[in-house]
There are 2 protein chains.
Amino acid sequence: MVPVPPPFPPPPNAETAADPDAEPATEGALARSQAARRRRVLDATLQLAAAGGFDAVQMRDVAAAADVALGTVYRYFASKERLLLEAMAEQQADLRAYLDVHPPREPTPAARVVSVLRGANRSLREFPDVTAAMVRSFGTAQIENADIVRRVTEIMTGIITSAIHAPERRPATENEVRVARILMQVWLSSLNGWVCGVDGPDRVDEDLAAAAALLLP
Amino acid sequence: MVPVPPPFPPPPNAETAADPDAEPATEGALARSQAARRRRVLDATLQLAAAGGFDAVQMRDVAAAADVALGTVYRYFASKERLLLEAMAEQQADLRAYLDVHPPREPTPAARVVSVLRGANRSLREFPDVTAAMVRSFGTAQIENADIVRRVTEIMTGIITSAIHAPERRPATENEVRVARILMQVWLSSLNGWVCGVDGPDRVDEDLAAAAALLLP
DNA sequence: GCGAAAATCAGAACGTGTTCCAATTCCGAT
DNA sequence: ATCGGAATTGGAACACGTTCTGATTTTCGC
């Protein structure tokens with residue numbers, strides 16, 4: 001989906017001084033096969049996660065399912081954690097793209113937020129093991145993955161911000177961003193409570209509805 | 001601190017039918033040495049975590065530092081994750097006990113909540129590696145640790161609830177509990193952002209102050 | 001096409017959480 | 001004081017994430 005994201009380590013074939021134009025080097029057989037490899041690895045990850053959750057995503061199995069060597073998986077994703085976090089970021093980006101095309105139609109900000117997040121949670125509930133694996137990776141994140149964690153939180157906050165001031169095209173106010181951040185934090189914590197088995201899946205919706213009601217007049 | 005918490009697996013020396021009185025069997029050389037062992041293990045855990053965070057808490061080292069066999073550590077704590085979560089629960093329980101004696105004196109609920117949580121965060125910042133280890137364990141939690149996760153969240157929510165209706169002795173209203181839960185979720189998410197390196201430690205205080213201002217009129 | 005450089009492969013190897021086991025020690029009741 | 005059973009010990013063993021290595025294949029500029 002991303003326009004040929006370079007593989008993880010300093011992309012060895014990064015544009016040298018020879019071609020300083022900003023073109024992201026999207027073409028070439030190498031780039032294409034690399035993108036395909038990356039995609040196979042991510043797909044294999046999702047497949048395994050869907051079957052048995054975090055523990056079922058074993059790097060040797062990912063490599064085998066993606067039909068690449070173990071070392072290649074690590075060339076693209078520095079760790080299992082990062083692999084799952086990148087899958088999570090992609091999932092959230094897909095959700096945002098979908099919402100750009102199908103924005104919520106409810107009349108009030110609170111109703112729109114609740115509608116969007118209920119929809120998202122419905123999807124997450126369909127693949128509880130995938131969600132558990134992703135949320136778990138999110139909760140374990142270390143400094144070396146701070147960039148993706150930030151990306152994921154920014155996407156989630158963006159989704160909520162858009163839902164708040166739905167059809168309007170103005171930039172979000174400072175207060176809207178604050179509220180969106182709080183809702184995102186509630187969302188993440190609540191998902192964590194669900195995948196830990198502390199609360200049922202419905203509790204996520206309830207938490208978000210309550211928070212939205214209190215925060216969005 | 002807890003009145004002789006029984007070791008993890010079905011405490012083998014649990015009161016059999018012979019002594020049905022509810023006395024928690026706090027006495028006896030066995031119970032005493034077990035309590036001491038448990039304490040040594042927890043202390044060793046904190047010591048190692050303070051030195052190098054989650055990764056420095058290696059079960060073999062914990063066993064050695066606590067002067068017990070590796071198998072004994074696992075008899076008391078089913079996993080490294082659980083070990084750290086129990087330490088976290090104890091830490092939170094200590095905080096609550098302290099606050100019962102030194103409740104916040106600010107005039108408004110929001111100010112009291114902010115005061116209490118700022119104080120807690122100040123302590124957490126003094127031992128960032130310990131905090132990181134605990135928060136990380138919290139974020140990784142699995143179903144088999146749902147009970148401690150619930151205990152930790154309940155203690156945190158209780159701390160916040162008490163701060164909201166400070167000196168008053170009435171039970172919390174339904175709305176207060178809802179607000180307290182949201183604040184706890186913001187707290188946990190924000191701590192996660194800090195230990196992940198996504199945000200600086202001050203962001204935790206800022207998030208909580210903003211949320212408290214919005215939620216507590 | 002050819003050759004150098006990069007990427008990939010297959011698999012061994014290592015570290016740490018976790019489990020398992022036989023031998024020993026400790027506790028509590030007789 | 002002694003016996004039975006539970007707790008503890010020391011250490012081997014296993015699983016899986018991760019790293020490393022040397023051989024092989026692919027790509028790209030000429």
Side-chain angles (χ1 to χ4, degrees), chain A residues 6-19 25 27-38 40-41 45 48 52-64 66-84 133 136-137 140 142 144-145, chain B residues 6-16 18-19 25 27-38 40-41 45 48 52-64 66-85 133 136-137 140 142 144-145:
Chain A
F8 175 70
N13 60 332
E15 50 280 63
T16 52
D19 187 358
E27 54 194 335
L30 204 174
R32 216 168 316 123
S33 84
Q34 282 181 332
R37 248 174 253 276
R38 198 188 124 94
R40 287 208 306 278
V41 172
T45 300
L48 289 169
F54 186 89
D55 293 327
V57 181
Q58 303 198 355
M59 299 304 272
R60 290 172 178 83
D61 294 346
V62 170
D67 203 41
V68 298
L70 181 56
T72 305
V73 176
Y74 278 95
R75 163 178 278 276
Y76 283 77
F77 303 95
S79 66
K80 173 175 176 176
E81 192 186 291
R82 185 156 194 115
L83 175 52
L84 283 162
R136 187 168 158 189
S137 297
T140 337
Q142 307 254 247
E144 60 263 28
N145 290 321
Chain B
F8 175 69
N13 60 332
E15 50 278 67
T16 52
D19 187 0
E27 54 194 335
L30 204 172
R32 216 168 316 126
S33 85
Q34 283 180 333
R37 249 174 253 276
R38 197 188 125 94
R40 287 207 306 277
V41 172
T45 300
L48 290 168
F54 187 89
D55 293 328
V57 180
Q58 303 199 354
M59 299 304 271
R60 290 171 178 81
D61 293 347
V62 170
D67 202 41
V68 298
L70 181 56
T72 305
V73 175
Y74 278 95
R75 162 178 280 277
Y76 283 78
F77 304 94
S79 67
K80 173 175 176 175
E81 192 187 293
R82 184 153 194 118
L83 175 52
L84 284 162
L85 284 171
R136 186 167 160 192
S137 298
T140 338
Q142 308 252 239
E144 60 263 30
N145 290 321

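Below, chains carry the letters A, B, ... as their sequence lines are ordered, and counting in each starts from 1.
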What is the distance, rounded to the nearest whole Å, between atom [atom1] of [X] and atom [atom2] of [N]?
{"X": "B/Gln142", "N": "C/dT18", "atom1": "CD", "atom2": "P", "answer": "10 Å"}
{"X": "B/Glu144", "N": "C/dT19", "atom1": "CD", "atom2": "C1'", "answer": "15 Å"}
{"X": "B/Arg75", "N": "D/dT8", "atom1": "CZ", "atom2": "P", "answer": "6 Å"}

Exam field: side chain B/Lys80 to backbone B/Val57, donor-acceptor pair closer than 3.5 Å: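 Confirmed, B/Lys80 side chain pairs with B/Val57 backbone.
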Under 3.5 Å: donor-acceptor pair, side chain of A/Arg136, backbone of B/Gln142: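 Judged by distance alone, no pair lies under 3.5 Å.
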Candidate pair B/Leu48 and B/Gln58, rule side-chain contact (heavy atoms from CB on, under 4.5 Å), full reasoning: CA-CA 8 Å; B/Leu48 290 168; B/Gln58 303 199 354; over 6 Å; no
Contact pattern, 5' to 3', of nucleotides 9-23 of chain D - B, S or - by protein heavy atom under 4.0 Å: BB--B--BBBB----
Closest contact, heavy atoms only, B/Asp61 versus B/Ala56: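 Scanning both residues completely, I find the closest heavy atoms to be OD2-O, 4.4 Å.
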Spatial distance of atom CG (A/Asn145) from atom CD (A/Glu81) [nearest 0.5 Å]: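 Going from CG on A/Asn145 over to CD on A/Glu81, the span is 4.5 Å.
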A/Tyr76 side chain near C/dA7 phosphate (N/O to OP1/OP2, under 4.0 Å):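 Looking at the OP1 and OP2 atoms of C/dA7, neither is under 4.0 Å from any side-chain N or O of A/Tyr76.
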Residue pair B/Val68 / B/Arg75, side-chain heavy-atom distance below 4.5 Å: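 B/Val68 does not reach B/Arg75 side chain to side chain.
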